[in-house]
There are 2 protein chains.
Amino acid sequence: MNRPATIADVARLAGWSIATVSRHVNGAGKVSPEAAAAIQRSIEELGYVPSASARGLVSQQTGMIGLVLPAVRDESPVVESNNLVEYDAQTATQIAEVCHSYQNDIIRGAESAAWEIGHAITIAAVRDPEANSRVRDMASRVDGLVVVGDAVEANLLTHLARRVPVVLVDSTRHESIHDYVDSADAVGAGLLAQHLVEEHGVTQLVFVAGTSLTAVERRCFTVLERLGATLLQVSDATASEPEVVAALVQRREDTGRLGLVCSSDELGVRVLRLAEQAGLSVPDDAAITGFDDCRIGRAAKPRLTSVRQAPLDLGALAVEALQRRLSNPQSEPQHYEVPITVVVRESCGAHSTSPPVSA
Amino acid sequence: MNRPATIADVARLAGWSIATVSRHVNGAGKVSPEAAAAIQRSIEELGYVPSASARGLVSQQTGMIGLVLPAVRDESPVVESNNLVEYDAQTATQIAEVCHSYQNDIIRGAESAAWEIGHAITIAAVRDPEANSRVRDMASRVDGLVVVGDAVEANLLTHLARRVPVVLVDSTRHESIHDYVDSADAVGAGLLAQHLVEEHGVTQLVFVAGTSLTAVERRCFTVLERLGATLLQVSDATASEPEVVAALVQRREDTGRLGLVCSSDELGVRVLRLAEQAGLSVPDDAAITGFDDCRIGRAAKPRLTSVRQAPLDLGALAVEALQRRLSNPQSEPQHYEVPITVVVRESCGAHSTSPPVSA
DNA sequence: TTGAAAGCGCTACCAT
DNA sequence: ATGGTAGCGCTTTCAA
């Protein structure tokens, strides 16, 4: 690995001009067969690879798309002594895994879509929203930026947006000056509710969530509320579970067949257990559904009906949005939504053999 | 988003020379406070971000590290009608998920390590080993290449290596002309065996693998063989399972307490079931261990003792290797190994309350 | 401390 | 079809 060969080296060795080499390499313009042959030979010989920097400099584009993700911090289990460890899976680890697979899908979706349009992607996991230099640096080497979640400060974002187009993904505080992509989660909640009511004769919808609602959860509840759903908030603490059990019993008595729409599969599994404690049979007394279609829900005892929001598509759509913006810089900021899918399983009353039902 | 501001724009607006702006931005050389202030102001005003291409061109380095991964193709479940689907988890999907989380960890490890040394990373999932242009392109925009698995043809690799240093990760056909990183999997197998024999009184070690051994598996078996292990190959087909059951019964009768070292957690779980069918109690008649420490093993009935090879560290180590190479281009190609960890659980005879044991 | 200017490797335009 | 050449935006001498 000496000084890497340049186009000039190739030209000299081949006995043709730099311009001709450039044309040959880019397949632009006509190049005589003899020239092409000679040039190709010296390319091989010298191991020539054109410099992306030089190309980018003259063409004013880098051929790269940047993906900024919020870093997920995961607790690693304590390692006890050299090479041997006693391991216990922990909640924190599980949550981290869910986030990882989510981000992983976004990355892969973006990578694939970027590849389709001839771009490479570069990624940065941002630990700290004030870590500006990181994002700045990235902005300098890409044609466009996909920012997932709230990894980046709003004002930095606007600064960067003056240089490269920015597409937000699943941001909670998305401002309308940027293009924005998320899943149609509220639509999913609605579909789910509709399914429960129409197909499984649920008479009372209940939206089950944590003690404080996230933006997504609020949106979902808004939709569900219109369909007559009530809200049941479950704290993280195990201590408060008896209350929840009581509430479930209560509602069952008051209103007949329950449809418990939980805001995550994790929560859904927990509610499954609580319903059992409440003496409710699932799905007969209470149909229970999750959200996000994680493995945990697929492994649950009555498998959990859930809403799948393909993060793969999220990533891909973000890249497509970027491409549109790139080719049409002046148009209004747009909002894209990736469609969701309701995955019907036993926890809502479907029989494993029953055919799928349409919306 | 007009034409992005250049250093010249900043200089003009600030009323100082290009050179001074450059020095201010890079913190190199002395710049008077007044100059700094004026320059900083116009940077903000113009939303100036220095062009990585231009920088790269002059400095002859891109500040990027490329990560090439073999694409994992996963079967997506058939979607049945609009937005509703009946889902069944499939083996193919499970395998894909394992690969994904493995690759995901490598990416995150690499990203993090790269960040430490001031580099960004770019990734390419290569669908087809002959997709040369993709990798070529990447080679043109990075300071170094990390190639995972057998994603890239050997001869292309050597071509590229003339331009950028290449570090191989988990390649089966790694040639000694490149730096190379993998896990100490064979060491792990050895440690596992040792643990089984010394701590749990296993009298007969059996290495359980698929019908054709991968390179890793061969390495592991080589080690185990020295410790007296025999080989038991299990085909993917369920049909042949009775034979395996018979084999297990046979060996148990012949040689006393069995130590079944399986080449993956998936296989381990399967063997768990087969041992049960064979009427063997686990871990009393047969201690069973997996490999790779996946979720499936942690969820198994007697939780599976396994060997964890932190792919996070793989990625990080690869980047470190690259950095060494970058700062010392002439040294001999090196082989790096990330240490493994034996995770002791019930399937080998450990009590969940028992303290961890040292090697 | 500052500024002028020579490239870095490449593309694209203009002659030929 | 081919070659000469003017930049692209930046860093880095070298003088001042």
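From a predicted model like this one, the values you see are computed outputs, not experimental measurements.
- Contact annotation: B:R55 reaches the phosphate of D:dT11 (side-chain N/O to OP1 or OP2, under 4.0 Å).
- A sub-4.0 Å separation between OP1 or OP2 of C:dC8 and a side-chain N or O of B:Q61 is absent.
- Checked for salt-bridge contact, B:R134 and B:D137 miss the test: no charged N lies under 4.0 Å from a carboxylate O.
- Between the C1' atom of C:dC8 and the CD1 atom of B:I7 lies a distance of 15 Å, rounded to the nearest Å.
- Listed nucleotides: C:dT2, C:dG9, D:dG9. Nearest to the side chain of B:V31: C:dT2.
- Evaluated for a side-chain contact (heavy atoms from CB on, under 4.5 Å) with A:Y48, the options A:D9, A:L13, A:V25, A:I39 yield exactly one hit, A:V25.
- One can place CZ of B:R141 at 14 Å from P of C:dC10, the figure rounded to the nearest angstrom.
- Rounded to an integer number of Å, the gap from CD1 of A:I18 to C1' of D:dA6 is 13 Å.
- Nearest-nucleotide assignment on DNA chain C puts the 5′-proximal partner with B:A19, out of A:A19 and B:A19.
- Note that the OG1 atom of B:T122 and the CD1 atom of A:I123 stand 9.0 Å from one another [nearest 0.5 Å].
- The distance from the CD1 atom of B:I121 to the CD1 atom of B:I65 is 8.0 Å, given to the nearest 0.5 Å.
- Ionic pairing of B:E111 and A:R127 is present here: one or more N-O contacts between side-chain nitrogen and carboxylate oxygen are shorter than 4.0 angstrom.
- Heavy atoms of A:S59 sit nowhere under 4.0 angstrom from any nucleic acid atom.
- For the pair B:S17 and C:dG3, the criterion of a side-chain N or O lying under 4.0 Å from OP1 or OP2 is met.
- In this structure, CG of A:L57 is placed 12 Å from P of C:dC10, rounded to the nearest angstrom.
- In the set C:dG9, D:dT2, C:dT2, the nucleotide with an atom closest to the side chain of A:R3 is C:dG9.
- Nucleotide D:dG9 holds its C1' atom 16 Å from the CZ atom of B:R23, rounded to whole Å.
- Within the structure, a side-chain polar atom (N or O) of A:T20 is placed less than 4.0 Å from OP1 or OP2 of D:dG3.
- With D:dG9, D:dT2, D:dT11 as the candidates, the nucleotide lying closest to the side chain of B:N26 is D:dT11.
- Rounded to whole Å, atom P of D:dG3 lies 14 Å from atom CZ of A:R12.
- An OP1 or OP2 oxygen of C:dT11 is reached within less than 4.0 angstrom by no side-chain nitrogen or oxygen of A:Q60.
- OP1 or OP2 of C:dT11 has at least one side-chain nitrogen or oxygen of A:S22 nearer than 4.0 Å.
- In this structure, B:S53 does not reach the D:dC10 phosphate: none of its side-chain N or O atoms is under 4.0 Å from OP1 or OP2.
- Counting to the nearest Å, the C1' atom of C:dT11 and the NE2 atom of A:H24 are 16 Å from each other.
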